[in-house]
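Just so it is clear, the model here is predicted, and its values are computed rather than measured.
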Amino acid sequence: MEVALLGLNHQTAPLALREGFAVPAGGLVPLLAQLHTLPVAEAVLLSTCNRTELYIIAADPSQVRPALIQYLCQMEGAPAGLTPKDLTAHLYWQTGKKAVSHLYRVAAGLDSMVIGETQILGQVREAYRAASEANLVSKTFHQLFTGAITAGKRAQHETRIGQTAVSVSYAAVDLAKKVFHSLQGRRCLALGAGETAKLTVKHLQAAGVGSILIANRTLARAENLADLIDGEAIPLAEAAKRLHEVDVVIASTGAPGYVLTAEAVADAIKARRGRPIFFFDIAVPRDIDPAIGQFEGAFLYDLDDLQAVVKANMAERLAEAKEAERIVVDEVEKFQTWLQDQAVVPTIRALRDKVEQLRQEELARAMGRLPELSERERQVIEAMTVTLVNKILNDPTQALKGLARDERADSMTELVAQLFKLAPETTDGGGR
């Protein structure tokens, strides 16, 4: 039995293709049910917006590969008319230790579009959980995926790979946290209700802001976003009038002219009586008049300032990635050692079970011939037989364990099975 991986991701497939394979929430169950029809011992389907990967265990993965490709082509959402030949051009295929290492790097955020992103670890955990509930996971994938999750956790906790801002919107919020030491209870104003604004307010909420105003030219869009975050929606034209109420402004409208003029900001600063306002302008073209940076009590950071932060943080993540790679190597080796040990464990167990059965049978026969023995004497004799069996089996057990990582492991376990006439099914460690 060998681990194998078939997948596509942001490095091998365009967005138009990837999005067709992204499984919506609640959509894993019917797809996993179909995996039971494939000739695999265990299987896990990992699907995100940037990757779709099938992990399997099979006696000969190369024989299963065509069926896996066909399975992907028939997934709900896959482009109509997609042929296995067309899809193969965007797929990667890995087996053995390479497949294991790939999964562990994915869980650690090392294979993501943004190195160090942490969301993928939860997605790996969910993929494993769903496959377990679908009875597609047994002991090997239990060990494999719990090891991958451990690698991801260690990467997050033992390095700073995911702790620095590498998106402009997150950098703005991260910088605001440093300015105020904490955003707890602060009031914020988001200018715009597009995708950048959505991402920004999500970061603001995570930082614990007290309240968020959403100002947008189209009020309905502002209201939709405000509903999602329990914020307040206002027309863009009213933003200047409410400016004195907020501590942080993050602008991302992309309007053709300045949304906030120097005059409007001056009035707000005066009304705040010395309490500062921090402005983060991440719009192109700019939303905020750069002249406000000269005002006392107004602190303005534009896109160039934030991109410099992102660049420095990405360099830091890349440095931390080296340590995360070391963690991955460590956890992969642990799994490989466990996997190699499994080649001899069934034979050791079968040998011990057979000898234990013989011990119990002969002990019962002997006890039947010695009815006059006291309970204490019976216990002594039984203890002696247990000790004798353990001593006899100790050397062959240790020898088999030592051969687990030896190329002779298969031939030696087969020889032991023949010598002791062990049933084939008791020495086979594969299957679910």
Student: Quick check: do Val40 and Ile57 have side-chain heavy atoms less than 4.5 Å from each other?
Tutor: no

Student: State, yes or no, whether a side-chain contact exists between Leu45 and Thr52 at a heavy-atom distance under 4.5 Å.
Tutor: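 Side-chain contact under 4.5 Å: yes.
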
Student: Could you tabulate the donor-acceptor pairs under 3.5 Å formed by side-chain atoms of residues 209-222, not counting sequence neighbours?
Tutor:
| from | atom 1 | to | atom 2 | distance (Å) |
| --- | --- | --- | --- | --- |
| Ser211 | OG | Arg187 | NH1 | 2.8 |
| Asn216 | OD1 | Ala193 | N | 3.2 |
| Asn216 | ND2 | Thr218 | O | 3.0 |

Student: Using a 3.5 Å cut-off and no angle test, enumerate the donor-acceptor pairs between side-chain atoms of residues 295-302 and protein atoms at least two apart in sequence or in another chain.
Tutor:
| from | atom 1 | to | atom 2 | distance (Å) |
| --- | --- | --- | --- | --- |
| Asp302 | OD1 | Asp304 | N | 3.1 |
| Asp302 | OD1 | Asp305 | N | 3.0 |

Student: Just so I know, are the side chains of Val265 and Asp289 near enough to count as touching, which here means a heavy-atom distance under 4.5 Å?
Tutor: no

Student: Please say whether more than 12 non-hydrogen atoms of neighbouring residues, nucleotides or ligands are located less than 6.0 Å from CD in Gln398.
Tutor: yes

Student: State plainly whether the residues Glu245 and Arg242 are in salt-bridge range, i.e. N to O under 4.0 Å.
Tutor: yes

Student: Which side-chain N or O atoms in residues 273-287 pair as donor and acceptor under 3.5 Å with protein atoms at least two apart or in another chain?
Tutor:
| from | atom 1 | to | atom 2 | distance (Å) |
| --- | --- | --- | --- | --- |
| Arg275 | NE | Arg272 | O | 3.3 |
| Asp281 | OD1 | Ala283 | N | 3.2 |
| Asp281 | OD1 | Asp287 | N | 3.3 |
| Asp281 | OD2 | Asp287 | N | 2.9 |
| Asp281 | OD2 | Ile288 | N | 2.8 |
| Asp287 | OD1 | Thr253 | OG1 | 2.6 |
| Asp287 | OD2 | Ser252 | N | 3.3 |
| Asp287 | OD2 | Thr253 | N | 2.7 |
| Asp287 | OD2 | Thr253 | OG1 | 2.9 |

Student: Dump the intermediate steps for side chain to side chain contact (heavy atoms under 4.5 Å, CB included) on Ile56 and Val3, then the final yes or no.
Tutor: CA-CA 6 Å; Ile56 62 131; Val3 177; over 6 Å; no

Student: Looking at every heavy atom in both Ala108 and Ile161, which two are closest together, and how far apart are they?
Tutor: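 Scanning both residues completely, I find the closest heavy atoms to be O-CD1, 4.4 Å.
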
Student: Could you pull out all residues at least two apart from Tyr104 that satisfy ring pair (Phe, Tyr, Trp, His ring centres under 6.0 Å)?
Tutor: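 By the ring pair (Phe, Tyr, Trp, His ring centres under 6.0 Å) rule, Tyr104 matches no residue at all.
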
Student: Not counting sequence neighbours, which residues clear side chain to side chain contact (heavy atoms under 4.5 Å, CB included) with Leu339? List them please.
Tutor: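 Residues passing side chain to side chain contact (heavy atoms under 4.5 Å, CB included) with Leu339: Thr140, Phe335, Gln336.
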
Student: Do NZ/NE/NH1/NH2 and the carboxylate oxygens of Glu356 and Arg352 come within less than 4.0 Å?
Tutor: no

Student: What's the separation between atom CG in Leu82 and atom CG in Leu87, rounded to the nearest 0.5 Å?
Tutor: 5.0 Å

Student: Of all residues at least two apart in sequence or in a different chain, which pass the side chain to side chain contact (heavy atoms under 4.5 Å, CB included) check with Pro84?
Tutor: Ile69, Gln70, Cys73

Student: Please enumerate all residues that pass ring pair (Phe, Tyr, Trp, His ring centres under 6.0 Å) together with Phe21, with sequence neighbours excluded.
Tutor: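 Not a single residue meets the ring pair (Phe, Tyr, Trp, His ring centres under 6.0 Å) criterion with Phe21.
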
Student: How about Tyr128 and Phe141: are their ring centroids closer than 6.0 Å?
Tutor: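 Judged by ring-centre distance (under 6.0 Å), Tyr128 and Phe141 do not meet the cut-off.
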
Student: Under the side chain to side chain contact (heavy atoms under 4.5 Å, CB included) rule, collect the residues that match up with Tyr92, sequence neighbours excluded.
Tutor: Leu5, Asn9, Thr12, Arg51, Glu53, His102

Student: Any non-hydrogen side-chain atom of Leu189 less than 4.5 Å from a side-chain atom of Ile250?
Tutor: no

Student: Kindly indicate, with the supporting measurements, whether the criterion salt bridge (charged side-chain N to carboxylate O under 4.0 Å, His left out) is fulfilled by Lys241 and Glu238.
Tutor: CA-CA 5 Å; Lys241 299 177 184 178; Glu238 293 184 13; 6.0 Å; no

Student: Quick one: side chain to side chain contact (heavy atoms under 4.5 Å, CB included) partners of Ala240, sequence neighbours excluded?
Tutor: Leu260, Ala264

Student: What is the minimum heavy-atom distance between Cys188 and Leu204, and which atoms define it?
Tutor: SG-CD2, 4.0 Å

Student: Any side-chain donor-acceptor pair under 3.5 Å between Thr397 and Asn394?
Tutor: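 Judged by distance alone, the side chains do not pair up.
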
Student: Could you tell me if Asn50 and Thr48 have a donor-acceptor pair between their side chains, going purely by distance under 3.5 Å?
Tutor: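 No.
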
Student: Does anything in residues 88-101 form a salt bridge (Lys or Arg N to Asp or Glu O under 4.0 Å)? List the pairs, not counting sequence neighbours.
Tutor: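 Sorted result for residues 88-101: Lys97-Glu333.
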
Student: Give the intermediate values and the outcome of side chain to side chain contact (heavy atoms under 4.5 Å, CB included) for residues Lys202 and Lys198.
Tutor: CA-CA 6 Å; Lys202 177 182 177 182; Lys198 289 179 182 178; over 6 Å; no

Student: Minimum heavy-atom separation for Ala271 and His244, please, with both atom names.
Tutor: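 Shortest heavy-atom separation between Ala271 and His244 comes out as CB-CB, 3.8 Å.
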
Student: Kindly state each residue pair satisfying ring pair (Phe, Tyr, Trp, His ring centres under 6.0 Å) with at least one member in residues 253-277, sequence neighbours excluded.
Tutor: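 Passing the test, one end in residues 253-277: no pairs.
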
Student: Restricting to non-hydrogen atoms, name the atom on Leu32 and the atom on Ala134 that form the minimum distance, rounded to 0.1 Å.
Tutor: CB-CB, 4.0 Å

Student: Is it true that Glu325 and Lys322 make a salt bridge, defined as a side-chain N closer than 4.0 Å to a carboxylate O?
Tutor: no

Student: List for me each residue that meets side chain to side chain donor-acceptor pair (under 3.5 Å) alongside Glu320, sequence neighbours excluded, and say none if there are none.
Tutor: none

Student: Got Leu144 and Val44 here, is their nearest side-chain heavy-atom distance under 4.5 Å?
Tutor: no

Student: Compare all side-chain heavy atoms of Lys177 with those of His203 and state whether any distance is below 4.5 angstrom.
Tutor: no

